[in-house]
Amino acid sequence: MHGLINRSIQSFLRDTYGAQLWLRVAQVARLNPDGFEAMLHYDDRVTAHLVAAASQVLSRPQDTILEDLGTYLVSHPNLQALRRLLRFGGVNFRDFLHSLEDLPDRGHLALPDLDLPALTLTETGGDSFVLTCRGPLPGAGHVVVGLLRAMADDYGALVLIEHQGAEAEGGAERIAIQLTDARFSPGKRFDLAAVSG
Amino acid sequence: MTALPCAPVDLSAEAAALLMPLHLRVDAAGLICGAGPTFGRLVEPDPVLGRPLFDVVEIRRPGGVADLPALAAQAGQRLHLALRRDPQVPLRGLAVPLSCGGFLLNLGFGLGLVEAVRRHALTDRDFAVTDLAVELLYLVEAKTAVVAELADLNRRLREAKTAAEEQALTDTLTGVRNLRALGLVFDRLVAEGRAFGLIRVDLDYFKQVNDTLGHAAGDRVLRHVAEALRASTRGGDTVARVGGDEFVILCPDLTDAGRLMTVARRILARLSQGVDYEGQPCRISASLGLALSVDHDRATMERMLADADAALYAAKHAGRGRVALAHPDRAADAGLDVTVEGTGTAG
């Protein structure tokens, strides 16, 4: 697993629940308390242990933790860069949804060794979509759900999002999306060029 | 079968605006008679239509293109331009002649893209669907974020490396250098051709301290001795613990036997003050063996340590608590004479 993924889980736990909690999770998962380097690679099992340990220490289901992680990724002030990179996907939420299929390729543009989950968007009529998510991290679909909810807020769109489970054990995860009002609120401002300095 | 020749392209203004949001159309008189919407945004709030082309843009390269005939000569060639209104946004483009006698000039930002987008608050919709501008902006940001992350990683690795190196060269009990560090300093002095004195310090009766007062007392004594050795030597000297109760001191540029003896006496005097262990005075006694690199044509670590060892052996035999200096026979490098001095503090 790319260190960036593990590192973001670490940052999420630390920023949301504090340094002490991170140290306890690291202890349970038998990790170096310094955690992960974003630019190195780690065994896939490490990520699974990390999520399981967080679930155990927080006494919360893994799915909920992963969904909160997705929301954190695009809404925490420390991670403005990621939100901005996602906003390049489109000028409105519908555009953004269609750009999700490009996400792994965009990821490769930034980091050639970064493998993001493969996402496929199917229009199921009107403003309904099904997004399937297939990747090395089981439960990645829950991260996507949290991320979509936060991005909908960012765009000011009113959207119903539901994780519908995996097609089979370890198979692609299905996410149902219902766009009820694409212009519900003004959303957050986004300038194509970041303000420097 | 060959394709039929196409009819000349007939583009409406709307179609041209969609295909080329940053184009200008110029009539035969050199007046702008059509413009893409993005060009309009660049010169806002000034009007575009009806103005002479060269009042709105300046062609910087090739030089001397300031009227329509000169532009005609450059048709189909790459042009470097700037806006009169905002010269800091560079443009590049290409002009093709039209049947009406005017020109179609299509423009792009090239490397000035990021600056142009920032200065004029351009959005996705200001670029042609085929333009990779947004992808380029995305890459610029992704690259900036990745480089920042890598710089951070490099900083952390460098700090860890420095800490690891420091640990690898330090005796963890006493904080002075270890045998490995001593070897490095020795090699450096030899490589630089610098002379030096070497002092070997061996504690007398240290085993008894360990046996009677325990290892904690022994550790306390070792730390005290290390501190005393540091305090008795110069900042540039190297104090190293090379074994259980053995220390070695390297004194660069010290070539005089008398001065080395003075240093050794200072060490003995300081150590003879003893150390407190849990309120109890604990006596320390040490024997010192000295050697000088100038006694050898080519000093090696083994030879210098052997010299100092022989002197140390003589000092111990003479009654401990003494200093002995090795005098190797330079001619043969075989025989070794030793001068012993000291009062003997063994007891």
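Below, read A as the first sequence line, B as the second, and so on, with proteins coming before strands; counting in each chain starts at 1. Quick caveat, the model's predicted, so the values are computed rather than measured. Hydrogens, waters and symmetry mates play no part in the numbers below; they use all other heavy atoms, side chains included.
At most 12 heavy atoms of other shown residues, nucleotides or ligands fall within 6.0 angstrom of atom CD in A:Gln20. More than 12 non-hydrogen atoms from other residues, nucleotides or ligands lie less than 6.0 angstrom from CZ of B:Arg155. The 12-atom threshold is not exceeded at CZ of B:Arg61, counting heavy atoms of other residues, nucleotides or ligands nearer than 6.0 Å.
Below 4.5 Å, heavy atoms of chain A meet heavy atoms from B:Phe127, B:Val134, all part of residues 126-134 of chain B. Residues of residues 23-39 of chain A placed with any heavy atom under 4.5 Å of a heavy atom in chain B are listed by number as A:Glu37, A:Ala38, A:Met39. Proximity to chain B among residues 102-111 of chain A is limited to A:Arg106, A:Gly107, A:Leu109, A:Ala110, A:Leu111, judged by heavy-atom separations below 4.5 angstrom.
Taking A:Leu82, A:Val91, A:Leu85 one by one and counting their heavy-atom pairs under 4.5 Å with chain B, the maximum is reached by A:Leu85. Of the listed residues B:Val114, B:Leu139, B:Leu113, B:Asp152, the one with more heavy-atom pairs under 4.5 angstrom with chain A than any other is B:Leu139. Most heavy-atom pairs under 4.5 Å with chain A: of the set B:Glu115, B:Arg156, B:Lys143, this distinction falls to B:Arg156. Chain A forms the most heavy-atom pairs under 4.5 Å with one residue out of B:Leu157, B:Leu153, B:Val140, and that residue is B:Leu153.
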inquiry  = Using the rule given for side chain to side chain contact (heavy atoms under 4.5 Å, CB included), can you reason through A:Phe88 versus B:Glu141, listing the C-alpha separation, both sets of side-chain angles and the distance that settles it, and then say yes or no?
reply    = CA-CA 10 Å; A:Phe88 277 108; B:Glu141 283 204 33; 3.7 Å; yes
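Residue pairs that meet the side-chain hydrogen bond (donor to acceptor under 3.5 Å, both in side chains) test with at least one member in residues 16-27 of chain B, sequence neighbours left out, do not exist here.
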